[in-house]
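First comes the structure, then the notes that go with it.
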There are 2 protein chains.
Amino acid sequence: MLKNTEFADKLRFSGLRPTKQRLKICEVLFKRDHTFHFTINDLAKNISEQLNEKISLATVYNTVHAFKKKGYLKEISINSDKSYFDTNTTSHHHFFDEDTNELIDCDDEVIEAPKIKKNISGKKIKSVEVLVKVATDYHNQK
Amino acid sequence: MLKNTEFADKLRFSGLRPTKQRLKICEVLFKRDHTFHFTINDLAKNISEQLNEKISLATVYNTVHAFKKKGYLKEISINSDKSYFDTNTTSHHHFFDEDTNELIDCDDEVIEAPKIKKNISGKKIKSVEVLVKVATDYHNQK
DNA sequence: TTGTTATTTATAATAATTCTAAACTTTATG
DNA sequence: CATAAAGTTTAGAATTATTATAAATAACAA
Ligand SMILES: [Mn+2]
Ligand SMILES: [Mn+2]
Ligand SMILES: [Zn+2]
Ligand SMILES: [Zn+2]
């Protein structure tokens, strides 16, 4: 967990100017004890409703994409109608609860890394991630 | 691989009327030796350009969703700007080539099934799938 | 056949996301 | 500091994928 002043340095170090908007978004995303998953809309709503700050939606998009490019966020696709982002940028696995649409992190202690026995020739493996879909028993699979 | 006449029976059996449009889409999707991945747009383009047939885009959407609901297609999320569908409806894993955006199937012989050591309490595991992202070595990861 | 119900279709609506270009901010330089 | 250059924010428009609507048509059962 970083302190407020450190965000400015980190941004500058990444070649991003530490603007008011970016610093606020850093606070919301990174000044916490645990990583989490969010959509652009969650984030924009949080900023405008909970924090009563005004950041243009275009800026929220710009910032999230800039942070992703710098490796501070990771994009996740479970569902194609909107993008999810993850403040946990390490390679890790997910449970996806189909009842609640909740996405839960887990690492190699909970889900053992699958062994890749063959690879596409000439290509390098960039990531290996497991998605486990769960639901209550009586729930019809989507 | 099914013959033309069998599609009508299969559709009727599923409670779907075997219309001209659905039969044509069955042909395009299922009258082949290998399963494959496609987007709605790929499919619509194939029908209108290669086959010179006219099926309304709304019907292509309707049909693909109907087939998915009946379990003849499976939806895949790698990328959140559009939905991919898979004619391979078994539980299986994928390589995703970031250079070409190509999605390649593989089964438990190539990627060993990951062991799930803990599950969310009260929930049942519906699927366990691995996504391996690959790229040429010099390629910057997205 | 004839009525009922399902399906197709064109088109409009919606929702997520990206683009644009002008205003504003931050940073570099003298 | 003053000023210019470069980067950023913003409102709003544009784009794209997808879903909804409602009238016309096709399939099916009686
Ligand atoms: Mn979807
Ligand atoms: Mn979309
Ligand atoms: Zn995660
Ligand atoms: Zn597949």
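The chains referred to below are lettered A, B, ... by the order of the sequence lines, with proteins before strands, and numbering in each begins at 1. Since this is a predicted model, take the numbers as computed values, not measurements.
Within the structure, the salt bridge (charged side-chain N to carboxylate O under 4.0 Å, His left out) test picks out no pair touching residues 82-92 of chain B (sequence neighbours left out). Screening residues 111-122 of chain A for salt bridge (charged side-chain N to carboxylate O under 4.0 Å, His left out), with sequence neighbours left out, gives A:Glu112-B:Lys115, A:Glu112-B:Lys117, A:Lys115-B:Glu112, A:Lys117-B:Glu112. Residue pairs meeting the salt bridge (charged side-chain N to carboxylate O under 4.0 Å, His left out) criterion with at least one member in residues 15-27 of chain B, sequence neighbours excluded: B:Lys24-B:Glu27, B:Lys24-B:Glu53.
The NE2-P distance, from B:His65 to C:dT7, rounds to 16 Å in whole Å. Look at CG on A:Leu23: it is 12 Å from C1' on C:dT26, rounded to the nearest Å. For the pair A:Leu57 CG and D:dA11 P, the computed distance is 10 Å after rounding to whole Å. Between the NZ atom of A:Lys24 and the P atom of D:dT10 there is a distance of 14 Å, given to the nearest Å. Spacing between atom CD1 of B:Ile25 and atom P of C:dT7 amounts to 13 Å, rounded to whole angstrom units. Separating the NZ atom of B:Lys69 from the P atom of C:dA6 is a distance of 12 Å, rounded to the nearest angstrom. Distance, A:Lys82 NZ to C:dT18 P: 14 Å, rounded to whole Å. Atom C1' of nucleotide C:dA16 and atom CZ of A:Phe38 are separated by 15 Å, given to the nearest angstrom.
Note on the helix from C:dT1-D:dA30 to C:dG30-D:dC1: terminal axis deviation equals 30°, with five pairs used at each end and the result rounded to 10°.
In this structure, the side chains of A:Phe38 and A:Leu73 come closer than 4.5 Å at one or more pairs of heavy atoms.
OP1 or OP2 of C:dT9 sits under 4.0 Å from a side-chain N or O of B:Gln21. OP1 or OP2 of C:dT18 has not a single side-chain nitrogen or oxygen of A:Tyr61 nearer than 4.0 Å.
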For this session: Go along nucleotides 20-30 of chain D 5' to 3' and tag each nucleotide: B for a protein heavy atom under 4.0 Å from its base, S when only backbone or sugar atoms are that close, - otherwise.
Result: -------BS--
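Ring-plane geometry between A:Phe30 and A:Phe67 is classed as tilted, the angle between the planes lying from 30 to 60 degrees on a 0 to 90 degree scale.
The side chain of A:Arg22 sits closest to D:dT8 out of D:dA17, C:dT8, D:dT8.
The hydrophobic cluster containing B:Phe95, built from Ile/Leu/Val/Met/Phe/Trp/Tyr side-chain heavy atoms closer than 4.5 Å, also comprises A:Phe95, A:Ile104, A:Val110, A:Ile111, A:Ile116, A:Ile120, A:Ile125, A:Val128, A:Val130, A:Val132, A:Val134, B:Ile104, B:Val110, B:Ile111, B:Ile116, B:Ile120, B:Ile125, B:Val128, B:Val130, B:Val132, B:Val134.
Scored by the ring-ring contact (aromatic ring centres under 6.0 Å, His included) test, B:His92 finds B:His94 as partners (sequence neighbours excluded). Taking B:Tyr72 as the reference, B:Ser14 meet the side-chain hydrogen bond (donor to acceptor under 3.5 Å, both in side chains) condition, with sequence neighbours excluded. Qualifying side-chain hydrogen bond (donor to acceptor under 3.5 Å, both in side chains) partners for A:Lys123, counting only residues two or more places apart in sequence or in other chains: B:Asp97, B:Asp99. Judged as a side-chain hydrogen bond (donor to acceptor under 3.5 Å, both in side chains), and not counting sequence neighbours, B:Thr89 has no contacts. Applying the side-chain contact (heavy atoms from CB on, under 4.5 Å) criterion to B:Thr35, with sequence neighbours excluded, gives B:Thr87, B:Asn88, B:Asp105.
Residue A:Ser83 is in sugar-phosphate contact alone, with no base atom involved, counting any heavy-atom pair closer than 4.0 Å across all strands shown.
Near DNA chain C, meaning a heavy atom under 4.0 Å from it, residues 44-56 of chain A has no residue at all.
The CG atom of A:Leu103 sits 7.5 Å away from atom CG of A:Leu131, with the distance rounded to the nearest 0.5 Å.
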